[in-house]
Amino acid sequence: MVAKNNSNKCAYCGACVGICPVAAIVLKDTRIFIDEKKCISCGSCVKICPVGAMSLEIKKK
Amino acid sequence: MTGKEIVYDVIIAGAGPAGLAAGIELAKGKANVLILDRKQEIGCPKRCAEGLSNSWFNIMKLTPNPEWAVQKIKGAVLWAPNGKSVKMKDKKELGYVLERKMFEKHLAIEAAKLGAKILLKHQIIEAKRENGIVTLKVEVHDHVEEFKAKMVIACDGIDSLVARMLGLNTANNLKDTDSGYQYEMTNISGYDEDCLHMYFGNEVAPRGYIWIFPKRDGTANVGIGIGAYVSAETKINAKGYLDRWIEKQPGLKDGSIIEVNAGGIPVGGFLEKMDADNLLVAGDAGHMVDPIHGGGIGIAMEGGRLAAQVALKAVKANDYTSKTLGTYTKEWFTLRGNKLKTRLKSRHLLEHLSDDDFNYLAESITMDEALKIGNGSLSKSEKVMLFTIKLIKRPKLIAIMKKFFV
């Protein structure tokens, strides 16, 4: 599983960036970038997101 | 000349309240300071509420200016889940609701006039120390530039990565972080415009509250902060809680939304270590937030200013190691640590209040008593007496009221 961001829902507040224990998420202006190699699928970003823009999805190979 | 050739004394990451207060202080001290921000507009998007009490105006030597201090606040109304309220109102103003974009631009202009350099749309993507100098790789439009400084003050918010890049972990954890969501609404009614309004209850805002911070003429900042772990349990996020509450408010449901903001709020107390070689941390990045109400504008500015004062000592001594910078965390905890401890305790107590407790509180304190509690006409012992008599059946409420109002 890997964290995914739905940019339609995202309010680009950066809460997910601050909660990510492995610094896998970066907010650049109005876009969220997720380093899938770093992501440990902990789901913290899903839980903190105020707008439900984060989810854990099956990693595509 | 590009950024490459200059070695700044201090680069500040983030042009929010903490970074700008630091920039002002450093520029006053004649340091060579650069403020970088990834955003394309100062103060936008803002994060959450906009209240600033008079004590912060005094601490930061700010004079309220109607351009950015848009609404005088004379009190607060606490709303229990059953609709009863406790109003505490004073005759004179206790603080202001800010127009934060204007406020931060005002700070930025002051910093720039004093000699700080500010650059926007500059995204720091890498930071490393080499021979006592910090080199930042910064994305600027379509290319990457290098900036060098003797030290960095990380004021880059809850999503701070700069300190983490330099080996100081500023990450939050779910237990200590609130999930916030907020609208600016207009054409709304049904609340006192010179009071802050806070709505409590486990159905309304579990482990937090919904607020209305009025901004004159039927416009207000309407938002929510809830414990992130609660929203994970109930599967309703902050937006969900706020929307369903607004829908039930006759004065709000037909209003228009003219701004949407969100944010995480680090409410678990300050970061234990906020300094390292060539690095200080301030503001949300250092978790400088009041653990009870989640406010952080004033405290971030105070933190930024202290960081700058310590940085000026480093500039003067030409020593940017933790030998000089290492006093910062200690000084901060001396300044704010004790207050934080009691506030954290109160937060813990508050988190254990049931809806029934909130209702009981609102029913037990009369308007007249609330007024006296709020306006300072009761002495400490009179307040304790009042709370004890009124709330004798709920000792934890006595403890909370004492923490808040005595």
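Below, chains carry the letters A, B, ... as their sequence lines are ordered, and counting in each starts from 1. All values derive from a computational prediction rather than experimental measurement.
In this structure, the portion of B/D178 lying under 4.5 Å from any heavy atom of chain A is its backbone and not its side chain. Neither the backbone nor the side chain of A/C16 comes within less than 4.5 Å of any heavy atom of chain B. Heavy atoms of B/L161 lying under 4.5 Å from chain A belong exclusively to its side chain. In this structure, no portion of B/I265 lies under 4.5 Å from any heavy atom of chain A. At a 4.5 Å heavy-atom cutoff, the contact between B/E139 and chain A is made by side-chain atoms alone.
Tested against A/D29 for a side-chain hydrogen bond (donor to acceptor under 3.5 Å, both in side chains), the candidates B/Q123, B/K39, B/R38, B/K121 yield a single pass: B/K121.
For the set A/S44, A/G18, A/A15, the count of heavy-atom pairs under 4.5 angstrom toward chain B peaks at A/G18. Contact count versus chain A (heavy atoms, under 4.5 Å) is highest, among B/G263, B/A285, B/G227, B/G240, for B/G263.
Note: B/Y181 and B/Y183 have perpendicular aromatic rings, judged against thresholds of 30 and 60 degrees for the angle between ring planes.
Across B/V281 and B/G286, no two heavy atoms sit closer than the pair CG1-N, 3.4 Å.
Remark: B/R244 engages B/E203 in a salt bridge, criterion side-chain N to carboxylate O under 4.0 Å. With respect to B/K46 and B/E259, a salt bridge is recorded, a charged nitrogen being found less than 4.0 Å from a carboxylate O.
Donor-acceptor pairing under 3.5 Å is lacking for the side chains of B/N237 and B/S231.
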